[in-house]
Number of protein chains: 2
Amino acid sequence: MLPMPGQAPPSVTGYALLGLLSLRGEMSGYGLKQLADRTLRFFWVAPAMSHVYSELERLRTAGLVAQTVANRGGRRLRRYSLSERGERVLKAWLSAGQVEFPVLKHEVVLRLFLGHLTGPDRPLQVLDAYRLQLNGRIEELRAIRGRLGTDPHFQYPAMVAEWGIRLYQEELASVEQVGSALVEADP
Amino acid sequence: MLPMPGQAPPSVTGYALLGLLSLRGEMSGYGLKQLADRTLRFFWVAPAMSHVYSELERLRTAGLVAQTVANRGGRRLRRYSLSERGERVLKAWLSAGQVEFPVLKHEVVLRLFLGHLTGPDRPLQVLDAYRLQLNGRIEELRAIRGRLGTDPHFQYPAMVAEWGIRLYQEELASVEQVGSALVEADP
DNA sequence: CACCGATATTCCTGTTAGGAATAGGTGGAT
DNA sequence: ATCCACCTATTCCTAACAGGAATATCGGTG
């Protein structure tokens, strides 16, 4: 028996896109993708282009985003914005529902986990490369944090940026610690 | 022009399953799923049953796992094990390739990010619930770490367990810090 | 021996990821 | 002015992944 899909609730990514629209107002699918790459990427996902468009279409069908179509030149430009209904639904989701424990897809740790197949040198190399990436990530986040300034409109994104900086600094410390353990475990 | 798929390399999850087989030897799809739920889940994914079986079938077709079929009673039991070719391919992957930066899907942070829609109280509630979940996770990992003991065969999994304990303890500290920031930001 | 829970496999559907193809617009160099 | 490179914008296609339901056997307990 089909559970009558009809109006399945948005996925978390759907809610996240609604949230971006609530922060920034009307924008194109492309613009939304750019924004997601600068924000959601750090704590959720960087949705694929195709994913953004298909999700917007689903949200539009559900009446959660409004679409305006303009013709600029020989070209059809669509802008999306949060509808009133969308805002209500988004707030309801934020205020309810049980929150999933974070999911981590951590290839560095996977390679450490399988260290018995390579010996400790390879995980050490991987950790070294990871250290560089982490420093880059921290710089990125510091730049973002700086741009957000003290504008109260962006106080929550600012907290998120600070959370990220802290997280990655702690990852650096973990890299050191695991590195020491690997060196000691060396035959 | 098609890039001649023919023999597409395994996905990271595919390699992870090969790695589990290398740690534990022959096992059923079901057993592999159980094992993944006790290991991979913490730093990669908990693959769905269907995903484990479809992945095993793909790996078998690619000659990376061997399948033995026994008839126990009226029942067909399949066991999977890492083939020699599979071990070579897995080691080659571990020794090469550029390592992706970790991906984090963190609903707690997403809700913090959208705090402008709810005000600070709701993120504070969410953080409280998260604190409980974190303590549970830490206990789980401590139990696993304990079971792994000092057996050198499991020294890398042990390092991973220790990494996880550290990570979640640091998350607890971040929860405290964000909590303070939220209380201060309260109007 | 009837039942329950763990083991084991298969199927089906929907969602997400990722890449490539297409095309108009904009700004700079020649 | 025109060509090119890059940015904006949308669409399409395929594979990976998630999740649940259906099925069936086995092992033990009351």
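Chain letters run A, B, ... following the sequence lines, proteins first and then strands; every chain starts at 1.
- For the pair A:E107 and A:R111, the salt-bridge criterion is met [side-chain N within less than 4.0 Å of a carboxylate O].
- In this structure, NZ of B:K33 is placed 12 Å from C1' of D:dG20, rounded to the nearest angstrom.
- Residues passing the side-chain hydrogen bond (donor to acceptor under 3.5 Å, both in side chains) test with A:R166, sequence neighbours excluded: B:E170, B:S174, B:Q177.
- Ring geometry for B:W163 versus A:H106: interplanar angle over 60°, hence perpendicular rather than tilted (30 to 60°).
- Look at CD on A:Q34: it is 13 Å from C1' on D:dT10, rounded to the nearest Å.
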Would you tabulate the nitrogen or oxygen pairs shorter than 3.5 Å linking the protein to nucleotides 10-15 of chain C?
residue: C:dT10; atom: OP1; partner: B:R78; partner atom: NH2; Å: 3.0

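- In this structure, B:R41 atom CZ and D:dC17 atom P are separated by 19 Å, rounded to whole Å.
- In this structure, B:E57 places its CD atom 16 Å from P of D:dC17, rounding to the nearest Å.
- Across A:G19 and B:L114, no two heavy atoms sit closer than the pair CA-CD2, 3.6 Å.
- With ring centers used as reference points, A:F101 lies under 6.0 Å from B:Y168.
- Atom OH in B:Y30 sits about 17 Å away from atom P in D:dT25, given to the nearest Å.
- The separation between B:L35 atom CG and C:dA8 atom P is 13 Å, rounded to whole Å.
- Between B:R38 atom CZ and C:dA6 atom P there is a gap of 14 Å when expressed in whole angstrom units.
- Of the possible donor and acceptor atoms, one in the side chain of A:S83 sits under 3.5 Å from a partner among the backbone N and O of A:L64.
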